[in-house]
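The structure under discussion appears below in the form of structure tokens.
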Amino acid sequence: MKKYLAFLAGLMMAAAAEAKVLVVSDIDDTLKVSHVLSKKGAATSFLDDDSLFVGMPEIFQMLNYQHQDIEFHYVSLAPKVLMNDQHSDFLEENGFPITQLHMNSGVKQDPELKQKVIRKLLAAKKPELVIYFGDNGQFDAIVYDQMVKEFPQIPYVSYIREAYSKLDRSKYPTMEGQIGFVTSVEVTVDLISRGLLSKKAYAPIESIVYKRLLRDDDHERFGAMVFPWWQDCRDFKWQWNIKNPSQKLQIIQNAIDKKCGV
């Protein structure tokens with residue numbers, strides 16, 4: 001723990017450019033393991049604050065430490081009256097930095113909620129960069145693509161978790177210009193390549209994912225995990241050229257190849 005705190009302190013002291021950054025993220029199946037395309041899975045995750053994709057809180061924390069002018073907005077289609085406390089508890093208990101949580105105000109979902117919220121945020125905040133996080137289970141890929149087209153003057157990067165596959169249940173697959181990922185390692189590598197995270201950020205995330213993979217049995221249902229049992233990532237394609245990968249990374253890549261059938 002002391003080493004990790006020292007690492008975070010180092011990131012604060014050696015912070016990169018203080019760009020005005022807006023992080024916009026979905027929650028279910030992006031950060032939290034929810035299985036939203038399954039009624040049973042979604043119902044089971046209702047009171048589950050522990051099941052998350054490992055490494056994601058740490059990535060958000062590192063972004064928060066490295067950029068002084070940054071905000072974190074979470075946008076969920078879930079009804080506020082039903083899920084506000086659950087989503088708030090999930091984010092807070094797992095250490096995600098929070099600026100604001102945006103949800104449907106009524107019981108009936110407004111399918112346009114994410115567009116409306118993001119549109120207002122971009123118009124009001126006028127960020128120098130937007131980092132989107134979503135998954136291919138529902139509308140994230142389409143929503144983020146629409147926002148990019150509406151605000152072409154704002155630089156962006158979109159990360160879409162390959163939680164499902166268009167070969168099976170995904171009706172909204174990752175779109176052109178978006179970065180598909182299955183573990184927090186790929187996100188970290190990509191953020192570093194763009195200068196949005198220090199190179200020092202990589203080793204802790206690699207270690208977190210590697211150690212969790214060693215305990216995985218391919219039937220993960222609860223708690224922190226790399227791959228839930230239901231994940232179908234056959235659409236995923238590794239797109240990073242890493243010279244002299246570590247042994248840990250090679251094991252992680254082999255696990256991805258096995259899980260995703262690459």
Side-chain angles (χ1 to χ4, degrees), residues 23-46 48 51-56 59 74-79 83 87 90 103-104 109-115 117-118 130-149 156-187 189-190 209 213 216 218-222 225-240 252-253 255-262:
V23 174
V24 176
S25 182
D26 175 54
I27 297 176
D28 291 314
D29 288 345
T30 298
L31 309 176
K32 180 180 180 180
V33 179
S34 303
H35 202 184
V36 295
L37 296 190
S38 163
K39 292 182 178 180
K40 181 179 179 181
T44 301
S45 71
F46 181 74
D48 182 4
S51 295
L52 78 157
F53 292 98
V54 295
M56 296 307 292
I59 288 175
Y74 303 87
V75 188
S76 172
L77 291 180
M83 290 298 296
H87 276 344
F90 170 79
M103 303 179 68
N104 269 296
Q109 288 188 349
D110 176 1
E112 296 288 319
L113 173 75
K114 291 190 176 184
Q115 290 95 320
V117 168
I118 298 171
V130 184
I131 306 177
Y132 294 107
F133 290 91
D135 65 85
N136 64 351
Q138 294 185 316
F139 312 107
D140 295 338
I142 290 178
V143 170
Y144 297 160
D145 183 68
Q146 180 181 343
M147 294 300 98
V148 167
K149 291 175 179 176
Y156 75 96
V157 56
S158 295
Y159 296 108
I160 303 295
R161 184 181 296 282
E162 304 286 358
Y164 305 92
S165 170
K166 61 177 177 284
L167 299 174
D168 186 14
R169 288 186 288 177
S170 176
K171 297 180 181 179
Y172 310 99
T174 302
M175 302 177 70
E176 184 177 356
Q178 299 173 340
I179 310 298
F181 74 99
V182 290
T183 81
S184 54
V185 167
E186 302 97 81
V187 176
V189 168
D190 199 78
V209 174
L213 274 176
D216 279 0
D218 295 328
H219 300 288
E220 276 62 39
R221 293 178 181 271
F222 299 104
M225 65 187 79
V226 180
F227 302 118
W229 66 270
W230 48 263
Q231 184 170 358
D232 181 353
C233 49
R234 286 177 288 172
D235 298 342
F236 175 73
K237 291 180 176 60
W238 185 277
Q239 56 183 288
W240 301 271
I252 292 170
Q253 287 183 292
I256 291 173
D257 289 349
K258 180 181 177 182
K259 178 68 177 180
C260 304
V262 177

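All heavy atoms count here, side chains included; hydrogens, waters and symmetry mates do not. Please read these numbers as outputs of a predicted model, since none were measured by experiment.
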Is a donor on one side and an acceptor on the other found under 3.5 Å between the side chain of S184 and the backbone of V54?
yes
Under 4.5 Å between any side-chain heavy atoms of D235 and T174, yes or no?
no
Would you please say whether a donor-acceptor pair under 3.5 Å links the side chains of E186 and T183?
yes
Check whether any side-chain heavy atom of D190 sits under 4.5 Å from a side-chain heavy atom of F181, and report yes or no.
no
What orientation do Y164 and W230 show, parallel under 30°, tilted 30 to 60°, or perpendicular over 60°?
parallel
Is V33 close to M225 at the side-chain level, that is, under 4.5 Å between some pair of heavy atoms?
yes
Residue pair W229, H35: steps toward the side-chain contact (heavy atoms from CB on, under 4.5 Å) verdict
CA-CA 10 Å; W229 66 270; H35 202 184; 4.1 Å; yes
Distance col, row D232:CG vs K166:NZ, nearest 0.5 angstrom, shows 10.5 Å
Report the C-alpha separation of Q138 and D29 in whole Å, then their side-chain angles, then the decisive distance to 0.1 Å, and conclude whether the side-chain contact (heavy atoms from CB on, under 4.5 Å) test is met.
CA-CA 10 Å; Q138 294 185 316; D29 288 345; over 6 Å; no
Can you name the closest pair of heavy atoms from A141 and P173 and give their distance?
CB-O, 3.5 Å
Restricting to non-hydrogen atoms, name the atom on C260 and the atom on V182 that form the minimum distance, rounded to 0.1 Å.
SG-CG1, 4.0 Å
Quick one: are D168 and R234 in side-chain contact, heavy atoms under 4.5 Å?
yes
pair N136-F236: side-chain heavy atoms closer than 4.5 Å:
no
Do R161 and D140 sit within salt-bridge range, that is, some charged N less than 4.0 Å from a carboxylate O?
no
Are any of the side-chain heavy atoms of D28 and H87 separated by less than 4.5 Å?
yes
Are the side chain of Q115 and the backbone N or O of Q146 linked by a donor-acceptor pair below 3.5 Å?
no
Start with the C-alpha distance between V185 and Q253, add both sets of side-chain angles, then the distance that settles side-chain contact (heavy atoms from CB on, under 4.5 Å), and finish with yes or no.
CA-CA 10 Å; V185 167; Q253 287 183 292; over 6 Å; no
When you look at S158 and Y156, which way does the side-chain contact (heavy atoms from CB on, under 4.5 Å) test go after all the steps?
CA-CA 7 Å; S158 295; Y156 75 96; 3.6 Å; yes
Taking the side chain as every heavy atom from C-beta outward, state whether F53 and Q231 have any atom pair closer than 4.5 Å.
yes
Are side-chain heavy atoms of V143 and Y172 found at a separation under 4.5 Å?
no
